[in-house]
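Working notes for the structure below.
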Amino acid sequence: MKIKYIGMLAIGVMFGMTSCLDTHVGDDHEAFGNIDADVKEVAAQYASSFSVDNGSNFSNKVRVYNNSGYECRLDYIVGTAMLGCGKDNYMDVIVPFAGDLEFTATMLYNGSFVPVPVPVHVEDLDNELDPLFKALTDGTADGKTWQWWADENPDGSYSYIDGSWGCVGGGGYGWSATGPNWVCYGIGQADEWTGQTVTMDEWVKFDVDGGPNVTVHYSDGTEQKGTFSLISSTTPEKAALGWLGTMKMTVPLPHQIVEGQYSWYLDLPVEYDVAMLDDEHLILIAPGGGGLHIICDDSWAISSTHWTFKVKK
């Protein structure tokens, strides 16, 4: 291991029922748990209040209309935004894949959040994709596969060398002028928290084959498939560090601490900060259990886990 020193976007949205009020609430708000049969009936009633227009060529630029009379949050698969209920009752969004898709418009109705499905059909990818999304997936059904960012030695082996950014590790929740600072496990070393050995056979694949898909291949040879979202914005504080956005996945990354395992990076969230993303490199950071593990200075008070990838050739 090599040690360097280091020092969420938990933005939710709340919707007003009697006016187009823009306030904030987390996705784990208790109202999300109140969806019952009556609310499902309400969702069905409001389904016809939302419509889309993306032209006769079924462009990937989609105009979504809200005629429900209530402001809602629109989830268009690769992002979320507020969709008004007054004069400006429509918005344009761009999605990076074709096929039969489903957006979700969420309203607050009688104390419960009501998700209304909005079906969308896309055939023509005639609008340029978000640069981050294209870098992550290549914007194709084949997608792009990411493996650990580690140095390859002349004999074909891999190891952590200063400047290679390493593989996976726990450290402070932050960034420095010269790079990340954390405890790093080299290829072939055992992760002391998960008990797994870091191997180059671990990888993550992102594609847009009909939707935002992610496949994770783990050290034991198993795979899990799920979906992801990528938001190309973050807080001003994180943007000042050079961070680019946030990402969510429905499946865990390799060496992710799950099910309450005790570690430096306790209770990882489902949302990651995108600290770096270009055509060749991807670095994800997730905060851990808060200020429980102060090791050497205050910058370690908020622990985290870092995943550092490069494109698999």
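In this chain, residues are counted from 1 in sequence order. Small disclaimer: the values here were computed from a predicted structure and weren't measured.
- Contact check for Val118 versus Thr104: no side-chain heavy atoms found under the 4.5 Å cut-off.
- Note that CG of Leu132 is 10.5 Å distant from OG1 of Thr137, once rounded to the nearest 0.5 Å.
- Nearest heavy atoms, Trp148 versus Ile187: CD1-CD1, 4.1 Å.
- Asp207 contributes atom CG, which lies 7.5 Å from atom OG1 of Thr140 (distance to the nearest 0.5 angstrom).
- Between Leu277 and Leu244, the closest heavy-atom pair is N-CD1, 3.5 Å.
- Taking Ile, Leu, Val, Met, Phe, Trp and Tyr as hydrophobic and joining them when side-chain heavy atoms fall under 4.5 Å apart, one finds Tyr90 in a cluster with Tyr65.
- Counting heavy atoms from C-beta on, the side chains of Tyr272 and Val274 never come closer than 4.5 Å.
- The line from CE of Met276 to CD1 of Ile285 is 10.0 Å long, rounded to the nearest 0.5 Å.
- Counting all heavy atoms, side chain and backbone alike, Ala47 lies closest to Val116 at CA-CG1, 3.6 Å.
- Summarising the geometry, atom CE belonging to Met247 is positioned 5.5 Å from atom CG belonging to Leu282; distances are rounded to the nearest 0.5 Å.
- Remark: Arg63 CZ to Ser51 OG distance equals 11.0 Å, nearest 0.5 Å.
- The backbone N or O of Asp209 lies less than 3.5 Å from a partner atom in the side chain of Asn213, making a donor-acceptor pair.
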Might you work through the side chain to side chain contact (heavy atoms under 4.5 Å, CB included) test for Lys205 and Lys225, ending with a clear yes or no? CA-CA 9 Å; Lys205 178 184 176 182; Lys225 297 180 182 293; over 6 Å; no
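- Partners of Lys312 under the side-chain contact (heavy atoms from CB on, under 4.5 Å) rule, at least two apart in sequence or in another chain, are Thr145, Gln147, Trp203.
- In this structure the side chain of Pro252 never reaches within 4.5 angstrom of the side chain of Val216, judged on heavy atoms.
- Under a cut-off of 6.0 angstrom, the local environment of CD in Glu102 is crowded, with over 12 non-hydrogen atoms contributed by other residues, nucleotides or ligands.
- Under the 4.5 Å side-chain heavy-atom criterion for Ile, Leu, Val, Met, Phe, Trp and Tyr, Val52 and Phe58 are members of distinct hydrophobic clusters.
- Within the 4.5 Å cutoff, no side-chain heavy atoms of Ile94 are placed close to those of Asp130.
- Side-chain contact between Asp201 and His217 is present, with heavy atoms from C-beta onward closer than 4.5 Å.
- Few gaps surround NZ on Lys310; more than 12 heavy atoms of other groups in view lie less than 6.0 Å from it.
- Lys144 places a side-chain N or O within donor-acceptor distance of the main-chain N or O of Asp279, the cut-off being under 3.5 Å.
- No donor-acceptor pair under 3.5 Å is formed between the side chain of Asp124 and the backbone N or O of Ser59.
- No side-chain donor-acceptor contact under 3.5 Å links Lys248 to the backbone of Thr227.
- A donor-acceptor pair is defined here as one N or O able to donate and one able to accept, closer than 3.5 Å; such a pair exists between the side chain of Trp307 and the backbone of Pro254.
- Taking CG of Asp278 as the reference point, atom CD1 of Ile283 lies at 9.0 Å (rounded to 0.5 Å).
- The closest side-chain heavy-atom distance from Thr106 to Asp75 is not below 4.5 Å.
- The two residues Val62 and Val120 come nearest to each other via the heavy atoms CG2-CG1, 3.9 Å.
- Annotation for Lys61 and Asn54: closest pair O-CB, 3.4 Å, computed over non-hydrogen atoms.
- Residues Phe50 and Cys72 approach most closely at CE2-SG, 3.8 Å, considering heavy atoms.
- Between Asn60 and Asp126, some side-chain heavy-atom pair lies under the 4.5 Å cut-off.
- Asn153 places no side-chain N or O within 3.5 Å of a backbone atom of Asp155 that could act as its donor or acceptor partner.
- In this structure a side-chain-to-backbone donor-acceptor pair under 3.5 Å is missing from Trp243 to Thr235.
- Between Phe103 and Val93 there is a side-chain heavy-atom pair separated by less than 4.5 Å.
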Please assess Phe133 against Phe228 for the test ring-ring contact (aromatic ring centres under 6.0 Å, His included), listing each intermediate value before the final yes or no. CA-CA 11 Å; Phe133 206 95; Phe228 74 92; 5.4 Å; yes
